[in-house]
Protein chains: 2
Amino acid sequence: MKLTELKAIQLAELFSALSDASRVRIIALLLEGEMGVGSLAEKLNMTESAVSHQLRGLRQMHLVRARKIGRRVFYSLDDDHVARLFSLGLDHIQHG
Amino acid sequence: MKLTELKAIQLAELFSALSDASRVRIIALLLEGEMGVGSLAEKLNMTESAVSHQLRGLRQMHLVRARKIGRRVFYSLDDDHVARLFSLGLDHIQHG
DNA sequence: TGAATAGTTGAGCAAGTGTTCATATATTAG
DNA sequence: CTAATATATGAACACTTGCTCAACTATTCA
């Protein structure tokens with residue numbers, strides 16, 4: 001494996017985006033479909049501010065995308081890599 | 001996706017293990033085969049101490065395993081999940 | 001228009017992380 | 001035995017991160 005320093009940094013940033021339990025739980029909820037910030041906050045028992053801060057990071061890493069309708073913003077997973085990373089990660093921690 | 005808080009934490013810990021460029025580069029080198037701490041340090045241009053500290057975390061997450069021969073310790077990837085997470089991550093950052 | 005609602009943003013701070021440096025352990029050589 | 005080699009470890013410190021709180025924007029409702 002030959003890996004440029006740039007790609008090492010980008011890979012680390014990608015995994016960083018999934019390296020927090022709150023963000024993991026956000027992803028898990030979005031696996032079921034799109035959801036607004038308030039609903040996420042309620043289900044996660046977090047403030048909307050905290051959720052919004054986390055969504056910002058996920059957006060910047062292109063893991064989620066936002067769709068604005070009126071004053072609501074619905075978030076959903078950006079592409080299927082996210083779900084696959086998620087399920088591969090689950091495999092790893094479940095097995096042994 | 002129903003996800004217990006425990007599993008969310010464990011997933012986050014797994015991705016945390018890959019959330020640093022030094023560790024990503026260690027993994028990339030180990031994809032080619034096992035390697036000692038000194039060789040890793042040389043190729044990564046890091047001190048042996050820093051590499052050893054990082055390897056400890058990777059060991060604890062079961063991403064690498066150690067094989068001791070004399071006073072040398074050879075590290076290798078623990079299972080294939082690591083390589084798959086790595087290549088899936090590369091897909092994500094490369095595509096767009 | 002003004003009040004309420006949904007979400008975003010920046011500052012501030014406590015907690016966590018990665019490195020360096022010094023020291024410690026384990027193994028081998030002489 | 002002592003000295004050298006390979007790695008591990010703990011403390012310290014700078015840097016980063018995720019939260020709260022307050023203020024802000026944008027939109028809808030009355």
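Chain naming here is simple, since letters A, B, ... match the order of the sequence lines and numbering starts at 1 in each.
- For B:Arg71, the salt bridge (Lys or Arg N to Asp or Glu O under 4.0 Å) test picks out no residue, with sequence neighbours left out.
- The distance from the CG atom of B:Leu31 to the NZ atom of A:Lys2 is 14.0 Å, given to the nearest 0.5 Å.
- In summary, contact between chain A and DNA chain C, defined as any nucleotide atom under 4.0 Å from a heavy atom of the protein, begins and ends at C:dA4 to C:dG10 in the 5' to 3' direction.
- Sequence order on DNA chain D of the closest nucleotides to B:Arg56 and A:Met46 puts B:Arg56 first from the 5' end.
- For the atom pair CZ of A:Phe86 and CG of B:Leu85, the computed distance is 12.5 Å after rounding to the nearest 0.5 Å.
- A:Arg72 contributes atom CZ, which lies 10.0 Å from atom CE of A:Met35 (distance to the nearest 0.5 angstrom).
- Chain B approaches DNA chain D within less than 4.0 angstrom (heavy atoms of the protein), and the contacting nucleotides run 5' to 3' from D:dA4 to D:dG10.
- Counting non-hydrogen atoms under 4.0 angstrom, A:Ser22 reaches the backbone sugars and phosphates but no base.
- Heavy-atom nearest nucleotides on DNA chain D were determined for A:Ser49 and for A:Arg23, and the one closer to the 5' end corresponds to A:Arg23.
- Note: B:Leu18 CG to B:Ile26 CD1 = 11.0 Å, rounded to the nearest 0.5 Å.
- Looking at residues 63-76 of chain B, you'll see B:Arg71, B:Arg72, B:Val73, B:Tyr75 sit with a heavy atom under 4.0 Å from some atom of DNA chain D.
- Atom CZ of residue B:Arg65 and atom CD of residue B:Glu34 lie 10.5 Å apart, to the nearest 0.5 angstrom.
- For the atom pair B:Ile9 CD1 and B:Ser16 OG, the distance stands at 11.0 Å (nearest 0.5 Å).
- Partners of A:Arg25 by salt bridge (Lys or Arg N to Asp or Glu O under 4.0 Å), not counting sequence neighbours, listed by chain and number: B:Glu5.
- When the side-chain contact (heavy atoms from CB on, under 4.5 Å) test is applied to B:Ala66, the partners found at least two apart in sequence or on another chain are B:Arg59, B:Val73, B:Tyr75.
- Relative orientation of the B:His81 and A:His92 rings is perpendicular, given thresholds of 30° and 60° on the angle between their planes.
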